[in-house]
> 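My questions will all concern the structure given below.
Just so it is clear, the model here is predicted, and its values are computed rather than measured. Hydrogens, waters and symmetry mates play no part in the numbers below; they use all other heavy atoms, side chains included. Ligands are counted one by one from 1 in listed order, and the atoms in each one are counted from 1 as well.
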Amino acid sequence: MSQEIITLADRVLQVPPSPTLAINAKAKALKAAGEDILNFSVGEPDFDTPQHVCEAGKQAIDDGHTRYTAVPGIPELREAVCMRFKEDHGWNYTPEEIQVCCGGKHGLYNIFQAMLNPGDEVLIPAPYWVSYPPMVQLAGGVPVTVPLDESMDFDLNPETLAAKATDTTRAIFLNSPSNPSGSILSITALKAVAKMALERGWLIVTDDIYETVTYMDGKLPHILDVEPALKEQTVILNGVSKSFAMTGWRIGYSAGPAHLIKAMNKVQSQSTSNPAAPSQYAALAALTGPQDFPGVMKEAFLPRRDFFVKDLESIEGVTCVNPSGAFYVFPNFSAYYGKSFNGTELKNSADMSAYFLNEAKVASVPGVAFGSDDFVRFSFATSMEVIQEGMARIKKALAALEG
Ligand code: PMP
Ligand code: GLU
């Protein structure tokens with residue numbers, strides 16, 4: 001056994017590896033080893049990147065776009081982001097207020113590296129996406145979770161929020177539609193956030209990565225529409241990973257006050273330099289080309305969501321909020337905690353998810369990874385056949401529990 005001579009940084013030791021990526025890797029390895037695994041773990045569209053986008057990426061290589069680019073991304077792409085914001089939302093941004101980065105995840109990382117000081121608190125409504133607390137911690141900040149209630153469809157309760165705010169609060173995450181719950185924040189909740197943020201000078205980090213995947217009628221409520229005066233203290237995080245099935249291209253973008261974007265560019269210039277040049281040209285084709293692709297995916301997701309939720313709700317003791325967006329279901333299995341299989345008690349979401357993997361060969365992500373231990377997350381960005389077979393296995397596994 002090798003001796004560990006080099007000690008590791010405390011800030012790295014305090015965070016776990018991304019559980020979504022870890023479970024996905026495990027499910028893939030089991031599958032490669034010949035196990036009949038149904039993988040509901042990772043959240044990425046089960047669609048190929050549109051052909052015209054792939055062609056633009058290939059053309060960029062042929063055209064010699066294989067060198068460093070401007071740190072915040074090529075000007076054409078930043079202009080295209082501004083154009084999309086204007087056309088889709090009526091928001092006015094200039095290229096100096098845009099940073100293109102290596103995926104949405106990287107954008108969030110840059111934001112917190114640029115604006116947090118040690119001990120600064122960041123409010124994170126829970127359930128939250130797995131990477132939010134570690135990103136804050138890696139920047140020296142303190143994540144403060146704000147619990148959301150299943151009985152309120154995971155909407156934000158202004159009183160709970162007020163109780164968690166302190167003098168050291170610097171920022172708040174909004175993620176609507178949410179990963180993992182699929183919930184959309186109400187205008188009432190957004191108004192309450194806006195009021196507090198304006199009074200206390202918080203930065204609003206609105207992660208809009210699922211904005212094109214909504215099943216609601218009408219326009220998705222947004223903090224900047226509810227309170228346009230918040231523009232100077234809001235960063236919008238978005239990207240092409242979910243909207244154009246481009247998870248592997250690694251292109252995200254942020255829009256915010258110019259001085260914050262400038263600071264984020266400093267971080268980027270000292271770390272990744274720029275996102276991959278051919279990927280930027282592919283993203284340019286995505287944002288400036290036909291915009292029907294997200295709608296095509298949504299049409300495929302909708303019947304899967306409807307089946308999944310209905311079938312989960314038909315199981316005794318299981319509840320599941322109907323997701324208004326994104327491609328996850330987040331059922332509550334806590335009625336089954338305390339039951340046993342072959343004498344081993346399932347105590348929490350980690351046990352439940354491990355049981356599904358071992359006994360039903362179904363890969364999922366335990367709710368504890370999202371800060372809500374009563375739940376387990378399943379991605380429905382997979383075929384209807386897989387969902388039907390998965391549900392049959394889940395029901396059988398639950399029926400086999402004793403106690
Ligand atoms: N935010 C949320 C809520 C997500 O689910 C994801 C998915 N990975 C991201 C941001 C980042 O996406 P990516 O880095 O793949 O662009
Ligand atoms: N956002 C996806 C998920 O939650 C991708 C994996 C990740 O980056 O966490 O599964």
Side-chain angles (χ1 to χ4, degrees), residues 15-28 39-47 49 53 73 77 81 99-112 124-136 148 154 173-185 205-214 220 235-254 268 272 275-276 279-280 282-283 286-287 294 301 323-330 353 363-372 375-382:
V15 301
S18 164
T20 40
L21 298 183
I23 295 169
N24 187 41
K26 188 174 176 188
K28 280 187 170 169
N39 189 359
F40 297 92
S41 65
V42 80
E44 66 176 337
D46 58 326
F47 282 78
T49 305
V53 175
L77 181 52
V81 171
Q99 179 188 67
V100 181
C101 52
C102 311
K105 190 181 265 182
H106 182 224
L108 293 169
Y109 187 84
N110 281 345
I111 293 167
F112 293 109
I124 308 182
Y128 46 71
W129 179 45
V130 294
S131 291
Y132 292 166
M135 293 210 187
V136 170
L148 305 177
F154 299 108
F173 269 99
L174 301 180
N175 178 216
S176 173
S178 145
N179 176 4
S181 73
S183 289
I184 286 175
L185 293 170
V205 179
T206 172
D207 178 347
D208 298 349
I209 202 109
Y210 295 101
E211 72 163 351
T212 58
V213 194
T214 65
L220 177 69
V235 188
I236 298 170
L237 184 282
N238 210 323
V240 288
S241 296
K242 316 289 170 173
S243 47
F244 285 90
M246 292 177 70
T247 47
W249 296 79
R250 310 309 301 134
I251 296 290
Y253 48 86
S254 301
Q268 185 148 293
T272 58
S279 292
Q280 292 191 57
L287 296 186
F301 293 148
S324 304
F327 37 69
Y328 309 100
V329 284
F330 200 50
S353 183
S364 59
V365 186
V368 68
F370 306 92
S372 300
F375 306 83
V376 175
R377 191 194 79 173
F378 300 85
S379 161
F380 56 84
T382 187

> Does Tyr109 come within less than 4.0 Å of ligand 1, judged by its heavy atoms?
no
> By number and element, which atoms of ligand 1 are closer than 4.0 Å to a non-hydrogen atom of Tyr132?
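Matching atoms, with element in brackets: 3 (C).
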> For a side chain to side chain contact (heavy atoms under 4.5 Å, CB included) with Leu287, tell me which candidate from Ile251, Val240, Val53 qualifies.
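Testing each of Ile251, Val240, Val53 against Leu287, the sole residue satisfying side chain to side chain contact (heavy atoms under 4.5 Å, CB included) is Val240.
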> Looking only at protein heavy atoms, identify the closest one to atom 1 (N) of ligand 2 and say how far it is in Å.
Lys242 NZ, 3.1 Å
> Of all the heavy atoms in Lys242, does at least one lie under 4.0 Å from an atom in ligand 1?
yes
> Could you say whether the N/O atoms of Gly104 and ligand 1 ever approach to under 3.5 Å?
yes
> At what distance is the nearest protein heavy atom to atom 9 (C) of ligand 1, and which residue and atom is it?
Trp129 CH2, 3.4 Å
> What class does the angle between the rings of Phe301 and Phe327 fall in, given that below 30° is parallel, 30 to 60° is tilted and above 60° is perpendicular?
tilted
> For Arg377 and Pro366, indicate whether the former's side chain and the latter's backbone hold a donor-acceptor pair under 3.5 Å.
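No, because the side chain of Arg377 does not come within donor-acceptor range (under 3.5 Å) of the backbone of Pro366.
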> Considering non-hydrogen atoms of the protein only, which is the closest contact for atom 2 (C) of ligand 2, and what is the distance?
Gly43 O, 3.3 Å
> Do Asp207 and ligand 1 have an N or O pair less than 3.5 Å apart?
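N/O-N/O distance under 3.5 Å: yes.
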> Heavy-atom distances under 4.0 Å decide this one: backbone, side chain, both or neither, for Asn175 against ligand 1?
side chain
> Report the member of Tyr328, Tyr210, Phe173 with the shortest heavy-atom distance to atom 5 (O) of ligand 1.
Tyr210
> Among all protein non-hydrogen atoms, which one is nearest to atom 9 (O) of ligand 2, and what is the separation to 0.1 Å?
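Result: Thr20 OG1, 2.5 Å.
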> Any side-chain donor-acceptor pair under 3.5 Å between Ser178 and Ser183?
no
> Would you kindly specify which portion of Asn179 sits under 4.0 Å from ligand 2, judged on non-hydrogen atoms: side chain, backbone, both or neither?
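Only the side chain of Asn179 comes within reach of ligand 2.
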> Here's a test for you: under ring pair (Phe, Tyr, Trp, His ring centres under 6.0 Å), which of Phe40, Tyr128, Phe370 qualifies with Phe330?
Phe370
> For a side chain to side chain contact (heavy atoms under 4.5 Å, CB included) check, start with the C-alpha distance between Ile111 and Ser254, then their side-chain angles and the critical distance, and finish with the verdict.
CA-CA 9 Å; Ile111 293 167; Ser254 301; 4.3 Å; yes
> Which residue is it: Leu237, Val205, Asp207? I am looking for the one with a side chain to side chain contact (heavy atoms under 4.5 Å, CB included) to Asn175.
Asp207
> Counting from 1, what ligand 1 atoms have a heavy atom of Ser241 closer than 4.0 Å?
13 (P), 15 (O), 16 (O)
> Determine whether any heavy atom of Ile209 lies closer than 4.0 Å to an atom of ligand 1.
yes
> With atoms numbered from 1 as shown, which atoms in ligand 1 lie under 4.0 angstrom from a non-hydrogen atom of Asn179?
3 (C), 4 (C), 5 (O)
> Using a 4.0 Å cutoff against the non-hydrogen atoms of Leu21, which atoms of ligand 2 qualify?
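Reading through ligand 2 atom by atom, the close ones are 6 (C), 7 (C).
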> Is it the side chain, the backbone, both or neither of Arg250 that has a heavy atom closer than 4.0 Å to ligand 1?
side chain
> Any chance the rings of Phe375 and Tyr328 have centres within less than 6.0 Å?
no
> What I want to know is whether Val42 and ligand 2 share at least one N or O pair that is separated by under 3.5 angstrom.
no
> Measure Lys105 to ligand 2 on non-hydrogen atoms and call it side chain, backbone, both or neither using the 4.0 Å cut-off.
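The part of Lys105 near ligand 2 is the side chain, not the backbone.
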> May I ask you to decide if the ring planes of His106 and Tyr109 are parallel, tilted or perpendicular, using 30° and 60° as cut-offs?
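If you compare the ring of His106 with that of Tyr109, the planes turn out parallel.
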> Output, in order, the C-alpha distance, side-chain angles, deciding distance and verdict of side chain to side chain contact (heavy atoms under 4.5 Å, CB included) for Cys101 and Gln268.
CA-CA 8 Å; Cys101 52; Gln268 185 148 293; 3.4 Å; yes
> I need the contact type for Tyr328 against ligand 2. Using non-hydrogen atoms and a strict under-4.0 Å cut-off, is it side chain, backbone, both or neither?
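The answer is the side chain.
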> Does the pair Ser18 and Val130 meet the rule for a side chain to side chain contact (heavy atoms under 4.5 Å, CB included), with working shown?
CA-CA 7 Å; Ser18 164; Val130 294; 4.3 Å; yes
> Output the list of atoms in ligand 1 that are nearer than 4.0 Å to some heavy atom of Gly103, sorted by atom number.
14 (O), 16 (O)
> Are any of the side-chain heavy atoms of Phe173 and Val136 separated by less than 4.5 Å?
yes
> Identify, by atom number and element, the atoms of ligand 1 in contact range of Lys105, meaning under 4.0 Å from any of its heavy atoms.
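Near Lys105, meaning under 4.0 Å from one of its heavy atoms, ligand 1 has 11 (C), 13 (P), 14 (O).
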> Just how far is it from atom CD of Gln280 to atom CG of Leu77, taken to the nearest 0.5 Å?
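That separation rounds to 6.0 Å.
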